[in-house]
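Remarks on the structure that follows.
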Amino acid sequence: MKPPRFAYYDPDTVAEAVELKARFETDAVVLAGGQSLVPMLATRLAKPDALLDINRISSLQQLEVGPTHVEFGALVRQYQLETDPLVARNVPLLAAVTHYIGHVENRHRGTVGGSLAHADSAAELPTAAVTLDAEMVIEGPAGRRVEAARDFFAGWMTSTIAPDELLVAVRFPITPADAGWGFVEVARREGDFALAAAAAQLRLDEAGRVSEIAIGLASISDRPLRATEVEAQLLGQLPTADAVAVAARAIEEQVTASDDMHATHSYRRHLAATVTQRAVLEAVGRAQEGNRS
Amino acid sequence: MTIQTQGGVDPTLQRTITARVNGRDVSGVVDTRTTLADWLRDELDLVSVHLGCEHGVCGCCTILLDGQSVRACLMLAAQVNGRDVETVESLSSDQTKLHPIQEAFQEEHGLQCGFCTPAMVLRTKEILADGRERTDEEVRQDISGILCRCTGYQNIINSVQCAARKLRAGSPAPIAAGTGTGGSSDQNPGA
Ligand code: FES
Ligand code: FES
């Protein structure tokens, strides 16, 4: 259970890191918080020629609140998302989901960019990114490009980051003051991977009907998914408990995860509908409270 | 990029690092693939850093890095260059005079085999630093990143609460030893 031998690089700048990525291509892996990568090294699931430790790059550690978005440098620690009042105030759903990532010892090291680039469909941050229409900022030899979260996750543990590119930041839209949000996760134990989780954010119009809605699901497919059918069914409707329960069932068709040691396919279908229903109701409750006050 | 070439040694394979460990500046030459846990145990003889799983699951290797709990098996030694590392050895320099947290674990029988104990004690130190009162349920959450295969956790929770009372009272003397869940609103301890 020791990491294999690798060539260790700890660049000071993004430009140097990108240069190294271009040099090693698929033979290099990027070390951010290390909470997923180091176990993969220890178990030899990963045997890279080169390890690019980006922890010294100070420009990746900034958190900036802009007029419409909050931009998180790839190296912002998950613990900061969870505890920084700026995050809770501007993107409350993001702060809430972060608490569910592993244990606090992991979140002290784990980073925003690391979790997104790892692209685990069971993970909270990718799910939040898809739900909130975050944008990934990716740098390569040709410069920077921006990609929508929904296009960024490309399959099982796969993103669209090219071998010579580095994820440098992620931008989350600032949550409107009247929006309600909810997050519900089912896992075997505190800190375990989600068997299923749902994030929801919505707004209500004057009449109490759903005027905007976004729902994202973790752990039901090879990547985090938007519950497009559930969203479509609820848009323009009064989100009563019954209406939400009925609409939530539509997520079952999107569950493609097959039986594994943790859950059968049919149990996951059941869970997906349950967490969707609960997350939406939580969001409705918050939106109604917000509209009253 | 820091490339210190030392006598022809390839800096991608070996580094000289200096870290503050338990209040002392320590330097050493490490292979870049050496984990922090292995460096602390094998080179610095800080064997309180227990390795249960070596891949981030058990939490027994927890140390404090710049005051924050982290899993030492998930970091490379090379990454603590210039940082502050604390292991449980720092709590008491005198073997006969325990730290109040250690006393609390002893009095409340917060350990059996002791494998998880250094991690539990350090995590207790970290969470109690804010001086806030916690319910048993909060303590349970706070220590959930560290597995204990012996105690069933209840006595660890009692130990944390006892340590909190000792630290608040500023006294290492036994306080309500054996009474368990002081300051708790948990109606159903151990459930
Ligand atoms: S040995 Fe580090 S978490 Fe188990
Ligand atoms: S006392 Fe044995 S593992 Fe906790």
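In the text below, chain A, chain B and the rest are named by the order of the sequence lines, each starting its count at 1.
- Contacts between Asp38(B) and chain A at a heavy-atom distance below 4.5 Å involve the side chain alone, from C-beta outward.
- Counting non-hydrogen atoms of other residues, nucleotides and ligands closer than 6.0 Å to CZ of Arg145(A) gives a total above 12.
- Each of Arg109(A), His108(A), His103(A) has some count of heavy-atom pairs under 4.5 Å with chain B, and the biggest count is that of His108(A).
- The number of heavy atoms from other shown groups lying within 6.0 Å of CZ (Arg278(A)) does not exceed 12.
- In terms of non-hydrogen atom pairs under 4.5 Å with chain B, the most contact-rich of Arg189(A), Lys2(A), Arg107(A) is Lys2(A).
- Going from atom OG of Ser121(A) over to atom CZ of Arg223(A) covers 10.0 Å, rounded to the nearest 0.5 Å.
- Looking only at heavy-atom pairs under 4.5 Å with chain A, the residue among Leu65(B), Leu76(B), Asp142(B) that has the most is Leu76(B).
- Glu190(A) touches chain B through its side chain: at least one heavy atom from C-beta onward sits under 4.5 Å away, while N, CA, C and O do not.
- In this structure, Phe193(A) places its CZ atom where only 12 or fewer heavy-atom neighbours from other residues, nucleotides or ligands lie under 6.0 Å away.
- Within a 6.0 Å radius of CZ in Phe24(A), more than 12 heavy atoms belonging to other residues, nucleotides or ligands are found.
- Contact annotation for Thr35(B): only side-chain heavy atoms (C-beta onward) come within less than 4.5 Å of a heavy atom of chain A.
- For Leu51(A), the part lying under 4.5 angstrom from a heavy atom of chain B is the side chain only.
- In this structure, chain A has heavy atoms under 4.5 Å from both the backbone and the side chain of Ser144(B).
- With chain B as partner, the option from Ser36(A), Gly34(A), Ala7(A) having the largest number of non-hydrogen pairs under 4.5 angstrom is Ala7(A).
- For a residue to count as touching a neighbouring chain, one of its non-hydrogen atoms must lie under 4.5 Å from one of that chain's; by this rule Leu37(A) does not touch chain B.
- Atom CD of Glu64(A) sits in a sparse spot, with 12 or fewer heavy atoms from other residues, nucleotides or ligands closer than 6.0 Å.
- Taking the charged nitrogens against the carboxylate oxygens, Glu16(A) and Lys21(A) have no contact shorter than 4.0 Å, which rules out a salt bridge.
- The choice from Asp53(A), Asn55(A), Leu41(A), Thr43(A) that makes the most heavy-atom pairs within less than 4.5 Å of chain B is Asp53(A).
- Electrostatic pairing of Arg15(B) and Asp10(A) counts as a salt bridge here, judged by a charged N lying under 4.0 Å from a carboxylate O.
- In terms of heavy-atom pairs under 4.5 angstrom with chain B, the leader among Gly102(A), Gly33(A), Pro4(A), Ala50(A) is Pro4(A).
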